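Okay, so here's the structure we're looking at.
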Amino acid sequence: MSSTNRSERVLTELDHVRLSKLGHDTLADVLDYAEVVTSPAIPADVVTMYSQVLIADASAAQPQKYTLCYPDDAEPQRGFISVCSPFGASLIGRRVGHDAVWTTPHGDERTVTIQALLFQPEASGDYTT
C-alpha cells in the first residue's frame, strides 16, 4: 500500500487501538498516517469498523454493499470484508465520495468509489463496537 496523508484517513481511537493489536502489515501505513479522533468526533461520512458501505465499481453493473469487519467475522461471499484484506484496508478511514485503491493478489490495481455509507456504528451512537 502506498503512503497516505493524514488528511486522507480518519480513525477512531478505539479502531486505531484494536487495529494496532492485530499487527497486520496491510494496515501499517493506515495506522501510521491516519488522523485519530474520539469516537463521538468521527465524521458521519467516514468508514469505520462495522460500517456498511455502498461501493461503485466500474466492473459491476450495480453498486455493491459490503460490511467492514475484523478477520474472525469475515465472510466475503456474504459481503463481510476483513479490514486486514487489501480491499478492507483500502476502505478503513476513507470518506464517502473518495476512491479506495488496492492491489489484488495477482498484482492488478483495483479502484472503487465509496458511493454511500449505509450504516456507521458511531453515527448511531455506538462507540464500543
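Not measured: the values here are computed from a predicted model. Both backbone and side-chain heavy atoms feed into the values below; hydrogens, waters and symmetry mates do not.
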Are L14 and V46 co-members of a hydrophobic cluster defined by side-chain heavy atoms under 4.5 Å apart? no
Distance-only check: which donor-acceptor pairs under 3.5 Å involve side-chain atoms of residues 69-83, not counting sequence neighbours?
residue : atom : partner : partner atom : Å
D73     : OD2  : Y50     : OH           : 2.2
E75     : OE1  : R78     : NH1          : 3.3
E75     : OE2  : R78     : NH1          : 3.4
S82     : OG   : C84     : N            : 3.0

Which pairs count as salt bridge (Lys or Arg N to Asp or Glu O under 4.0 Å) when at least one residue sits in residues 37-49, sequence neighbours excluded? D45-R95
Could you tell me which residues satisfy side-chain hydrogen bond (donor to acceptor under 3.5 Å, both in side chains) with T111, sequence neighbours excluded, listed by chain and number? none
Taking side-chain contact (heavy atoms from CB on, under 4.5 Å) as the definition, give me every residue that meets it alongside P40, ordered by chain and number, with sequence neighbours left out. T38, Y127
Could you tell me if the side chain of L19 sits less than 4.5 Å from the side chain of V30, heavy atoms only? no
Applying side-chain contact (heavy atoms from CB on, under 4.5 Å), can you list everything that pairs with V37, at least two apart in sequence or on another chain? V10, E35, A41, I42
How would you list, by chain and number, every residue that makes a side-chain contact (heavy atoms from CB on, under 4.5 Å) with A60, sequence neighbours excluded? D57, Q64
Show the nearest heavy-atom pair for residues T26 and A89, with the distance to one decimal. CG2-CB, 3.4 Å
Those residues at least two apart in sequence (or on a different chain) that pass ring pair (Phe, Tyr, Trp, His ring centres under 6.0 Å) with F87 are Y66, W102
Working for side chain to side chain contact (heavy atoms under 4.5 Å, CB included), residues M49 and T12: CA-CA 9 Å; M49 292 305 299; T12 66; over 6 Å; no
Quick one: OG on S39 to CD on Q120, what's the gap to the nearest 0.5 Å? 9.0 Å
Check whether any side-chain N or O of Q52 sits under 3.5 Å from a backbone N or O of K65 as a donor-acceptor pair, and report yes or no. no
Could you go through V96 and V53, starting from their C-alpha distance and side-chain angles, then the distance that decides it, and tell me whether this counts as side chain to side chain contact (heavy atoms under 4.5 Å, CB included)? CA-CA 9 Å; V96 171; V53 296; over 6 Å; no
Would you say L117 ends up clustered with I114 if hydrophobic residues are merged whenever their side chains have heavy atoms under 4.5 Å apart, either directly or through other cluster members? yes
Can you list everything that forms a side-chain hydrogen bond (donor to acceptor under 3.5 Å, both in side chains) with H16? Sequence neighbours excluded, please. none
Out of curiosity, E8 CD to D99 CG, how far, rounded to the nearest 0.5 Å? 11.0 Å
Please report the shortest heavy-atom distance between R18 and T128, naming the atom on each side. NH2-O, 3.0 Å
Evaluate the side-chain proximity of R110 to S59: yes if any heavy-atom separation is below 4.5 Å, no if none is. yes
Without swapping roles, check the side chain of R94 against the backbone of V47 for a donor-acceptor pair under 3.5 Å. no
Share the residues that join L118 in a hydrophobic cluster, the rule being Ile, Leu, Val, Met, Phe, Trp or Tyr side chains under 4.5 Å apart at the heavy-atom level. L54
Is it true that H106 and T104 share a donor-acceptor pair across their side chains at a distance under 3.5 Å? no
Residues which pass side-chain hydrogen bond (donor to acceptor under 3.5 Å, both in side chains) with S51, listed by chain and number, not counting sequence neighbours: T48
Going only through I, L, V, M, F, W and Y residues with side-chain contacts under 4.5 Å, is there a path from V17 to L22? no
Can you name the residues that form a side-chain hydrogen bond (donor to acceptor under 3.5 Å, both in side chains) with S124, not counting sequence neighbours? none
Non-neighbouring partners of A44 that pass side-chain contact (heavy atoms from CB on, under 4.5 Å), sequence neighbours left out: A123
Rounded to the nearest 0.5 Å, what's the gap from CD1 on I55 to CG on L91? Could you check? 5.0 Å
